[in-house]
Amino acid sequence: MKVVIVGGVAGGASAAARIRRLDEQAEIVVFERSGYISYANCGLPYYIGDIITDPEELTLQTPESFFSRFRVAMKVRHEVTAIHPDRKSVSVKNLETGEIFEENYDKLILSPGAKPTQPRVPGTGLERVFTLRTVEDTFRIKEYVTKHHPKSAILAGGGFIGLELAENLRELGMEVAIVQRPKQLMNPFDSDMAAFIHGKMREHGVKLILGHTVEGFTEKGDGIDVLLKDNATLHADMVVLAIGVTPDTALAKEAGLELGIKESIVVNERMETSIPDIYAVGDAVQVKHYVTRQDALISLAGPANRQGRIAADNICGGNSRYPGSQGSSVIKVFDMTAAVTGINETNAKKAGLNVDKVILSPMSHAGYYPGGKLMTMKVVFEKETYRLLGAQIVGYEGVDKRIDVLAAAIHAGLRATELGELDLAYAPPYSSAKDPVNMAGFMIDNIEKGILRQWFLEDLEQLPRDGSVTLLDARTVGEYKRGHIDGFCNIPVDELRKRLDEIEQGKPVYVICQSGLRSYIACRILAGYGYEAYNFSGGFRFYDAVTNDRCLIASASACGMDQ
């Protein structure tokens with residue numbers, strides 16, 4: 001059996017190694033257009049920022065090391081220019097010699113990946129306008145930074161690469177601004193959770209210019225002008241386009257393969273395309289979202305690796321199936337960590353799901369053990385069924401641990417109420433006896449049992465201010481004086497029982513505290529005396545972060561710069 005693989009990196013290299021492990025006699029040839037067959041794509045910004053200093057650390061395997069271990073012919077600087085399904089061959093061009101030849105196959109795996117999305121605006125080809133996707137892109141940016149010592153950079157796009165590069169350029173001492181058409185960074189997060197990411201970026205001096213569209217680039221002096229729609233022109237020494245990626249599927253289209261979203265390659269659960277004996281994996285393929293079962297594009301290394309393994313299994317006579325992508329991801333934002341899995345509230349509603357949520361601010365480990373830090377968790381679930389849909393966490397230590405637990409729970413099909421039943425490891429330096437994941441489950445269990453009633457930030461504007469409801473802040477007097485929501489009276493939770501005469505019976509009571517815990521206790525006290533009480537999900541800390549962020553974005557929209 002002869003297997004030809006188009007593209008290396010995550011999907012292609014994983015497939016090649018797996019085929020060899022399953023079939024020692026198979027002939028395997030990989031054609032890779034770039035000079036690198038397997039590299040740490042996610043590590044590229046950290047090489048630019050001098051966190052990774054040895055360029056060889058970016059290269060996970062070389063053609064020589066791969067051949068030595070797996071006896072796979074890795075042909076770098078070879079571009080496949082056409083697929084001929086009728087005669088089961090591909091046309092290949094050696095980019096170093098110019099030689100053109102055909103290579104036959106019994107099975108073909110397409111792993112072409114994705115290419116940086118290029119906006120259709122003037123100036124994208126200018127010398128100081130960069131993209132960051134490959135090792136070659138990285139070396140080009142690194143060489144420019146080392147040689148020209150730019151003092152400022154504008155990043156168009158606020159996704160994973162944009163944020164990681166912003167951090168690394170700031171660490172090099174550069175002035176950095178991010179321009180993004182949506183009014184938030186990191187679209188996998190809901191806008192309220194993204195507020196904490198925005199705050200950390202601003203804290204470290206990154207300017208955020210959100211809700212603005214780039215219309216073009218022009219050279220000016222020794223730098224680049226960035227033209228914005230309906231706003232002031234920006235100027236920097238360099239620009240990096242990081243507005244996303246587009247499936248690189250020209251070959252597949254010309255060969256007549258069925259295409260889907262953004263001309264991605266349509267595959268079944270076995271990673272088979274619409275043409276027999278041709279498989280496709282990685283960022284170029286359309287998958288099912290694990291939670292919604294809707295078609296999706298999810299460009300992450302983990303899914304690409306698994307898809308390569310599944311294609312290899314099936315080529316070698318197995319029957320492996322890809323269940324869909326869940327979108328689990330994590331990112332370092334300076335000293336903070338942000339992570340997400342499943343779908344967020346916004347996309348769940350777009351998918352037609354009837355959703356509910358809890359927002360909590362637990363400590364990373366036992367409060368009495370030094371060094372604990374708050375994290376903000378948002379867990380989204382389906383009403384009535386309590387199916388767990390997704391989670392977002394922003395914080396410091398322990399964020400990655402909790403998101404992985406939640407990712408596993410979603411994959412296992414746990415109901416959100418069952419999170420409280422998980423038996424998770426506890427020691428004071430690492431967690432609490434009631435882990436944050438357990439706490440989310442306890443809250444959701446209380447909702448199902450009618451013990452917890454919630455209100456949310458989006459409800460605030462609709463709350464009557466005519467005296468028909470009671471608005472109660474259950475924090476201390478000092479906390480209340482340092483900042484509160486207009487119209488909320490202050491009765492600290494520990495004084496509530498003896499001051500119940502100040503709260504009129506028969507009126508709903510909407511309660512808030514700093515994190516949501518004391519206000520929940522207040523709600524239970526009130527319920528015990530016959531009141532109808534609602535707890536604010538997230539607490540004043542959450543309210544303050546989100547509303548301040550929205551004010552900054554609104555004011556930035558007016559003047560074209562972050563405030």
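Quick caveat, the model's predicted, so the values are computed rather than measured.
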- Message: Under a 3.5 Å distance rule, please check whether Gln180 uses its side chain to pair with a backbone N or O of Gly158 as donor and acceptor.
- Response: yes
- Could you list the residues that satisfy ring pair (Phe, Tyr, Trp, His ring centres under 6.0 Å) with Tyr47, not counting sequence neighbours? Phe139
- Item | Charged N-O contact under 4.0 Å between Glu32 and Arg77 | no
- Query: Does a side chain donor of either Thr233 or Asp225 reach within less than 3.5 Å of an acceptor in the other side chain?
  - Reply: no
- Could you pull out all residues at least two apart from Leu257 that satisfy side-chain contact (heavy atoms from CB on, under 4.5 Å)? Leu110, Ala252, Ala255, Ile265, Thr273, Ser274, Ile275, Ile278
- Query: Could Arg87 and Glu102 be called an ion pair, given the rule that one side-chain N must be under 4.0 Å from one carboxylate O?
  - Reply: yes
- Task: Given side-chain contact (heavy atoms from CB on, under 4.5 Å), test Phe66 with Arg71 step by step and report yes or no.
- Result: CA-CA 7 Å; Phe66 212 97; Arg71 290 300 187 266; over 6 Å; no
- Measure from the side-chain N and O atoms of Tyr396 to the backbone N and O of Thr337, and report whether any donor-acceptor pair falls under 3.5 Å. no
- Message: Among residues at least two apart in sequence or on other chains, which ones pass side-chain hydrogen bond (donor to acceptor under 3.5 Å, both in side chains) with Thr138?
- Response: none
- Item | Approximate separation, where rounding is to 0.5 Å, of Glu458 CD and Asp192 CG | 7.5 Å
- Excluding sequence neighbours, so at least two apart, what forms side-chain contact (heavy atoms from CB on, under 4.5 Å) with Pro150? Tyr144, Val145, His148, Met174, Asp237, Met238
- Task: Tell me, please, whether Tyr279 has Lys107 positioned over its six-membered ring: NZ or CZ under 6.0 Å from the ring centre and within 45 degrees of its axis?
- Result: no
- Query: Nearest heavy-atom pair of Ile403 and Ala391: which atoms, and what distance?
  - Reply: CD1-O, 3.7 Å
- Do the side chains of Val176 and Leu165 get nearer than 4.5 Å, heavy atoms only? no
- Message: Quick one, Pro119 and Thr124 - any side-chain contact, counting heavy atoms below 4.5 Å?
- Response: yes
- Would one find more than 12 heavy atoms of other residues, nucleotides or ligands at under 6.0 Å from atom NZ of Lys88? yes
- Message: So Arg133 and Val245, do their side chains get closer than 4.5 Å, heavy atoms only?
- Response: yes
- Query: Can you tell me how far CD1 of Ile28 sits from CZ of Arg18, rounded to the nearest 0.5 angstrom?
  - Reply: 12.0 Å
- Query: Is there side-chain contact between Val394 and Met375, with at least one heavy-atom pair below 4.5 Å?
  - Reply: no
- Pairs meeting criterion salt bridge (charged side-chain N to carboxylate O under 4.0 Å, His left out) with involvement of residues 147-168, two or more places apart: Glu167-Lys332
- Task: Indicate yes or no for a side-chain donor-acceptor contact from Asn305 to the backbone of Ala301 under 3.5 Å, with no hydrogens or angles considered.
- Result: yes
- Please name the residue in the list Ile48, Leu155, Ile154 that meets the side chain to side chain contact (heavy atoms under 4.5 Å, CB included) test with Val240. Leu155
- Query: Within the side chain of Ser14, is there an N or O that forms a donor-acceptor pair under 3.5 Å with the backbone of Ala10?
  - Reply: yes
- Would you mind reporting whether Val90 and His84 have side-chain heavy atoms less than 4.5 Å apart? no
- Message: Pair Asn344, Val380 - check side-chain contact (heavy atoms from CB on, under 4.5 Å), show working.
- Response: CA-CA 7 Å; Asn344 60 29; Val380 181; 5.7 Å; no
- Taking every non-hydrogen atom, the tightest pair across Pro323 and Tyr290: O-CD1, 3.6 Å
- Task: Could you check Thr146 against Glu143 for side-chain contact (heavy atoms from CB on, under 4.5 Å), going step by step and ending with a plain yes or no?
- Result: CA-CA 5 Å; Thr146 302; Glu143 181 182 4; 5.8 Å; no
- Query: Is the backbone of Gly282 close enough, under 3.5 Å, to the side chain of Gln307 for a donor and an acceptor to pair up by distance?
  - Reply: yes
- Task: Spell out, as yes or no, whether a donor-acceptor pair under 3.5 Å connects the side chain of Asp190 to the backbone of Met193.
- Result: no
- Any donor-acceptor N/O pair, Arg541 side chain to Gly538 backbone, under 3.5 Å: no
- Any donor-acceptor N/O pair, Gln184 side chain to Phe189 backbone, under 3.5 Å: yes
- Message: Evaluate Lys378 against Glu345 for salt bridge (charged side-chain N to carboxylate O under 4.0 Å, His left out), listing each step before the verdict.
- Response: CA-CA 9 Å; Lys378 181 175 184 179; Glu345 180 187 9; 2.8 Å; yes
- Query: Residues in side-chain hydrogen bond (donor to acceptor under 3.5 Å, both in side chains) with Ser328, at least two apart?
  - Reply: Thr341
- Query: With the threshold set at 4.0 Å, does a side-chain nitrogen-carboxylate oxygen contact exist between Lys142 and Asp137?
  - Reply: no
- Task: Decide yes or no for Ser191 and Arg550: does some side-chain heavy atom of the first lie under 4.5 Å from some side-chain heavy atom of the second?
- Result: yes
- For the residue pair His204 and Phe334, does the interplanar ring angle fall in the parallel (under 30°), tilted (30 to 60°) or perpendicular (over 60°) class? parallel
- Which residues share a side-chain contact (heavy atoms from CB on, under 4.5 Å) with Glu203, sequence neighbours left out: Lys200
- Query: Do Asn314 side-chain atoms and Ser320 backbone N/O form a donor-acceptor pair below 3.5 Å?
  - Reply: yes
- Message: Using only atom types and a distance under 3.5 Å, with no angle test, would you say the side chain of Ser555 pairs donor to acceptor with the backbone of Leu552?
- Response: yes
- Item | Summary of ring-ring contact (aromatic ring centres under 6.0 Å, His included) pairs that have at least one residue in residues 220-274, sequence neighbours excluded | none
- Mind checking the CD-NZ spacing from Glu103 to Lys2? Nearest 0.5 Å is all I need. 3.5 Å
- With sequence neighbours excluded, residues passing ring pair (Phe, Tyr, Trp, His ring centres under 6.0 Å) with His289: none
- Are the side chains of Phe31 and Val4 in touch, meaning some heavy atoms are under 4.5 Å apart? yes
- Item | Straight-line distance of Thr131 OG1 to Glu136 CD, nearest 0.5 Å | 10.5 Å
- Atom NZ of Lys401 with >12 non-hydrogen neighbours under 6.0 angstrom: yes
- With sequence neighbours left out, write down each residue that passes side-chain hydrogen bond (donor to acceptor under 3.5 Å, both in side chains) with Asp400, or none if nothing qualifies. none
- Item | Crowding at CG, Asp86 (>12 non-hydrogen neighbours, <6.0 Å) | yes
- Task: State, with a plain yes or no, whether a side-chain heavy atom of Val3 is found less than 4.5 Å away from one of Tyr105.
- Result: no
- For Asp549, enumerate each residue passing the side-chain hydrogen bond (donor to acceptor under 3.5 Å, both in side chains) test, keeping only those at least two apart in sequence or located in another chain. His198, Arg202
- Message: As an exercise, state the distance from OH of Tyr322 to CD1 of Ile310, rounded to the nearest 0.5 Å.
- Response: 7.0 Å
- Can you pull the side chain to side chain donor-acceptor pair (under 3.5 Å) pairs that have at least one residue in residues 244-255, sequence neighbours excluded? Arg33-Asp248, Thr117-Thr246, Lys253-Glu263
- Item | Gap separating the CG atom of Leu406 from the CD atom of Gln326, nearest 0.5 angstrom | 10.0 Å
